[in-house]
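Below is one structure, written out as structure tokens; comments come after it.
Count residues from 1 along the sequence.
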Amino acid sequence: MLAELCSRVELPDHVNALSWSPDGALLAAASLAGPVFLLDGGSGEVRRELRGHDGGAMCVGFSPDGAWLASGGQDGTVRLYSVADGALKAEQPSGGGWVEHLAWAASGKHLASAAGRVVRVWSSRLTHLGGFESHPGTVSGLYWLEEEGEVVASCNGGLFRSAPGKKKTTGHLPYKGAIQAMAPSPDGRCIAVGSQDGTAFVWKLGSTRSFSMPGHQGKVRVLAWSPQSTRLATGDAEAINLWQLSGPGAGKEQPHRLEAHQGRVTGLFWRKDGLLVSTSEDGTLRGWLPLQGDKPLFTVEADEPLSGLVLSPDRVHVAAAGVHGRAFIFRLPALSR
């Protein structure tokens, strides 16, 4: 079972964020040099260079229909491009400093942006529709609760919900720590966060039940749910912790620990077939079947620290960013059933 490095793309500066188009044909790369690059999802060839943000592009995201690409930058603006011709269609101030997070609603009707403590909700054409602009700390993540039509923002103080047409929060899950990462479970029933104090925490939505998972060796900055939403993987310095969150011992047992890398774990995701993939500052991408053993199925060397791990829609390719201005595209193996 082997994975392979398909392409190594040289870009002008460090890549801050990556995003796949819904059909996997394109990979968008936000560059610290300012421009946003559209890369071929297979070869990595640069298909288009989009007008840059002053100071650097920080985040990118394709609309669910693939027709539009949103970007946010250090200049404090949110931009909307036509994917078909690369034309800039709209540009709006974020209301804060650097725009570090963007999230499209699955319906494609709304886009949310986060800049500092400000979350703004936009229409699909960047008309300002509201949001909450006074979070108690810098927003560290965004995702949409599609059924409620609300966006969830994580920051110091917990999770805050905002909705189009409203300027106040519509809900709050308090948390005392400074949240570094957030991940909803695949079944939509839980939200996991990782915090600065070395703790991971999970809320069960619609319930008073929660799980606290302390004892990490540093900030918890990467999280990944198993396909069945029964286990949570957390990056713990050079290791990966696997927490059982279903059954009688849920949240009470010590985690299963994978001695994963020789550098800090920077990316994690869990594919539907059970394959867990990780990247690290040691410059490797590795694959695991955690329920079948503690040894990696494969290791691919990239020769520079990796971050920003994203899975393509076909679940065969993954992309990661290198620290020296490169984007990497890998091909993952299919697992026998």
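Between Glu238 atom CD and Glu259 atom CD the span is 8.5 Å, to the nearest 0.5 Å. To the nearest 0.5 angstrom, Leu111 atom CG is 9.5 Å from Ser63 atom OG.
Distance alone, capped at 3.5 Å, is enough to place a donor-acceptor pair between the Arg286 side chain and the Ala260 backbone. Although no hydrogens or angles enter the test, the distance criterion places a donor-acceptor pair under 3.5 Å between the side chain of Ser123 and the main chain of Arg125. No side-chain donor-acceptor contact under 3.5 Å links Glu150 to the backbone of Arg161. A distance-only check finds no donor-acceptor pair linking the side chain of Ser212 to the backbone of Phe201 [under 3.5 Å]. Between the side chain of His101 and the main chain of Ser140, a donor-acceptor pair closer than 3.5 Å is present. One N or O on the side chain of Arg271 and one on the backbone of Arg315 form a donor-acceptor pair closer than 3.5 Å. Under the 3.5 Å distance criterion, the side-chain polar atoms of Trp68 are left unmatched by any main-chain donor or acceptor of Leu80. Judged by distance alone, with hydrogens and angles left aside, the side-chain atoms of Ser280 form no donor-acceptor pair with the main-chain N or O of Thr284 at under 3.5 Å. At distances below 3.5 Å, at least one donor-acceptor pair connects side-chain atoms of Asp236 with backbone N or O atoms of Gln217. Tyr175 contributes no side-chain N or O that, together with a main-chain N or O of Ser154, makes up a donor-acceptor pair within less than 3.5 Å.
Note on Arg8 versus Glu304: no salt bridge recorded, every NZ/NE/NH1/NH2 to OD/OE distance being 4.0 Å or above. The residues Glu133 and Arg120 are annotated as salt-bridged, a charged nitrogen and a carboxylate oxygen being separated by less than 4.0 angstrom.
Residues Val139 and Leu173 are members of separate hydrophobic clusters, defined by side-chain heavy-atom contacts under 4.5 angstrom among Ile, Leu, Val, Met, Phe, Trp and Tyr. In terms of hydrophobic clustering, with Ile, Leu, Val, Met, Phe, Trp and Tyr side chains grouped at heavy-atom distances under 4.5 Å, Phe330 and Leu289 are assigned to a common cluster.
Closest heavy-atom contact between Ala192 and Val202: CB-CG2, 3.7 Å. Closest non-hydrogen pair, Ser307 versus Thr266, comes out as CA-OG1, 3.6 Å. In terms of heavy-atom proximity, Asn156 sits nearest to Gly177 at OD1-O, 3.5 Å. The shortest non-hydrogen separation linking Asp187 to Cys190 is OD1-N, 4.2 Å. Pairing each heavy atom of Arg51 with each of Tyr81, the nearest pair is O-OH, 2.8 Å. Heavy-atom minimum distance, Leu268 versus Ser278: CD2-CB, 3.7 Å.
The side-chain contact (heavy atoms from CB on, under 4.5 Å) search around Pro136 returns Cys155, Phe160, not counting sequence neighbours. Under the salt bridge (Lys or Arg N to Asp or Glu O under 4.0 Å) criterion, Arg48 pairs with no residue at all, not counting sequence neighbours.
Partner of Trp270 under the side chain to side chain contact (heavy atoms under 4.5 Å, CB included) criterion, out of Leu232, Leu242, Leu275, Val277: Leu242 alone.
Between the side chains of His53 and Asp75, at least one donor N or O lies within less than 3.5 Å of an accepting N or O.
Residue Arg189 places its CZ atom among 12 or fewer non-hydrogen atoms of other residues, nucleotides or ligands, all under 6.0 Å distant.
For an aromatic pair to be called close, the ring centres must be under 6.0 Å apart, and His110 with Trp104 fails this.
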Apply side-chain contact (heavy atoms from CB on, under 4.5 Å) to Gln180 and Val220, showing your working. CA-CA 7 Å; Gln180 302 289 300; Val220 182; over 6 Å; no
Under the side-chain hydrogen bond (donor to acceptor under 3.5 Å, both in side chains) rule, what do Ser246 and Gln244 come out as? Steps first, then yes or no, please. CA-CA 6 Å; Ser246 66; Gln244 179 67 39; 2.7 Å; yes
